[in-house]
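Here is the structure we will look at, set down as C-alpha cells.
Basis for what follows: all heavy atoms, side chains included, without hydrogens, waters or symmetry-related copies. Throughout, protein chains are lettered first and strands after them, A, B, ... in sequence-line order, and every chain is numbered starting at 1.
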Number of protein chains: 2
Amino acid sequence: MTPRSVQPAPTGAATRRRDAANTRRLLLEAARQRFAYDGYAATTVRDIADDAGVNVALINRYFSSKEGLFAACLEGVEEELRRTGGTPLGEVPDAIAGQLAGSAGDATKQILLLLLRSSGDERVDQIRLGVLRAYAERLASAAGWRPGEPDEAQLLLRAQLILCASAGIVILRASGLQPLASASGADLTPPLRDLVDAMLSAERK
Amino acid sequence: MTPRSVQPAPTGAATRRRDAANTRRLLLEAARQRFAYDGYAATTVRDIADDAGVNVALINRYFSSKEGLFAACLEGVEEELRRTGGTPLGEVPDAIAGQLAGSAGDATKQILLLLLRSSGDERVDQIRLGVLRAYAERLASAAGWRPGEPDEAQLLLRAQLILCASAGIVILRASGLQPLASASGADLTPPLRDLVDAMLSAERK
DNA sequence: CGTTCAAGTAATCACATGTTTACTTGTTCG
DNA sequence: CGAACAAGTAAACATGTGATTACTTGAACG
C-alpha cells in the first residue's frame, strides 16, 4: 500500500538516536492512522513500521503483537469520548461540531473512524457498543430520559439517531464528500442544532 | 473466521448437482455477506467458498479473482440505490426507513454496509463517493436546491447530513445498538420525518 | 451406449505477512 | 575508558492466502 511517512516534530528535546518512548509514540501514531483509514486487516505491520520510520521487529518488542498494538490504539478511547457526554443539551451541537470538525483532537477523530470501520473483531465490537450505548444514554438523559421507563424508549431511539448522524459525519467526511468534508465546526453547528432540536426537543408534535 | 453457511432455497427448480448459474449465485451471496460484515481484507476466498459450500477454485473460474468477485458484488449498486433518489420530499423518510429497516432488500443493506465499511481501495472510494454525491444532490434538489447557486450551499450540506444519518443507521444497526438495531420501519419513520424536516424544510429560522 | 465438454475437485505453487532469532550498535554509569 | 544493558537491525521462519494446474465426474446429445 502507498507509504505515508508520519514523523511529526519530537517537540523540543534534542532528538536522541535511540529513544524507546519516542519510537513507541511514532508507532502508535502511524498505527492509528493506518488502522483508521485502511482498517485493521488491510494494514500490515510493515506498513506501520515504514510510516514510523522504524524497524518492524520493534512492534513486537513494544506491543507484543499487531493485535497488542491495535489494543494500545484503543487505550483510553472510552474516557476520551466520554468528555462530550456531560455537556448540557444546549451545547451538544457545538460540542459535536467541534469534536468532529475542529482542528484539535485529530487523534479523537482517527479513533472514532477506527472504531466505526473496524469490524469482525469481537473485542472491538464490544468496545464500540459500550461507547455508543453510554453516549446515547447520556444524550437521552439530557433530554429527560430515564432508564426503564418504556414510554420514553422513543427518546432513546431519537438520541441514537443523533449518534447515527455523528457517526455518518465522521465516515462521510473521511470519504471526501464535499462540501461536508471541508465544512468547519461553525458551518456544522447550525444544522446540527436543528437536528438535535428535532430529535430531542420536548415540544414536538 | 467463524463459518456461516449460506445456502438459501434454490427457489423451485429441481436442484441439479451441477449448476453453474446457481453456484455463481451462491458465491455472490456468501461474498456479499462476508465483505459487508467482515470487510474485504479480512475475508478470505476460502471463507466465502465454505459458506457457499463450493470449491475454492470456482471463485477464480467464475470471477477471475477475489477482486473480480468483489466487483461483481458492487455491480448494479448505483442503480439499486438510485431508486430511493427520485422520491418526492414528503416520502423520503418513509423510503429511507423502509430501505434501511424493511425486511425486503436485504441485499441493498448489505451492499450499503459493504460500501461504507470498505476502505483503502481506490475503486471502492470512487464508487462510494459517486453514489453519495448523487444521492445528496437529488435530496437537495427535492428541497429546492439548484447546482451552482452558492447561496444554497447550506442546503446541500443539510441534505448530506440526512445522508450521514442514514449511513450511521446502517452501521449502528449492524453493530447491534439497541433499540435502534431492532427498530422497525414504522418505528424509524416518525423520527426520520422530524429529522428530514429539520434539515430541509424551507420554513426554518 | 459412448463421446464430449462443462462443472467440480484436490494438490500445489508463489508470495505476503506476523513473528522470532541472533546479532550489532548506541547509551549510561562506575 | 569500558563493562553492561537497552535499543535497534537484518535475516529467516512458519503459516495463511490468492491463484493455478492437472485431474475426475456428471450431464447432454447423437
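The CD1 atom of A/Ile48 sits 18 Å away from the P atom of C/dA16 (whole-angstrom rounding). For A/Phe63 and D/dG8, the CZ to P distance is 12 Å, given to the nearest whole Å. Nucleotide D/dA7 holds its P atom 9 Å from the CG atom of A/Asp19, rounded to whole Å.
In this model, no donor atom of one side chain and acceptor atom of the other lie less than 3.5 Å apart for B/Asp38 and B/Thr43.
Taking every heavy atom of both residues into account, A/Leu69 and A/Leu27 meet most closely at CD1-O, 4.4 Å. Considering every non-hydrogen atom in both B/Ser65 and B/Ile59, the closest pair reads O-CG2, 4.3 Å. Across A/Ala36 and A/Arg117, no two heavy atoms sit closer than the pair O-NE, 3.3 Å. In this structure, B/Ile171 and A/Leu116 approach most closely via the heavy-atom pair CG2-O, 4.3 Å.
Of the candidates D/dT9, C/dG8, C/dT24, the closest approach to any side-chain atom of A/Leu58 belongs to D/dT9.
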Between protein and nucleotides 10-23 of chain D, map the contacts as a letter string: B base, S sugar-phosphate only, - none, heavy atoms under 4.0 Å, written 5' to 3'. B-B----BBBB---
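Taking side-chain N and O atoms only, A/Thr23 has no distance below 4.0 Å to OP1 or OP2 of D/dA7.
Contacts classified as salt bridge (charged side-chain N to carboxylate O under 4.0 Å, His left out) and involving residues 170-191 of chain A (residues at least two apart or in different chains) are not found.
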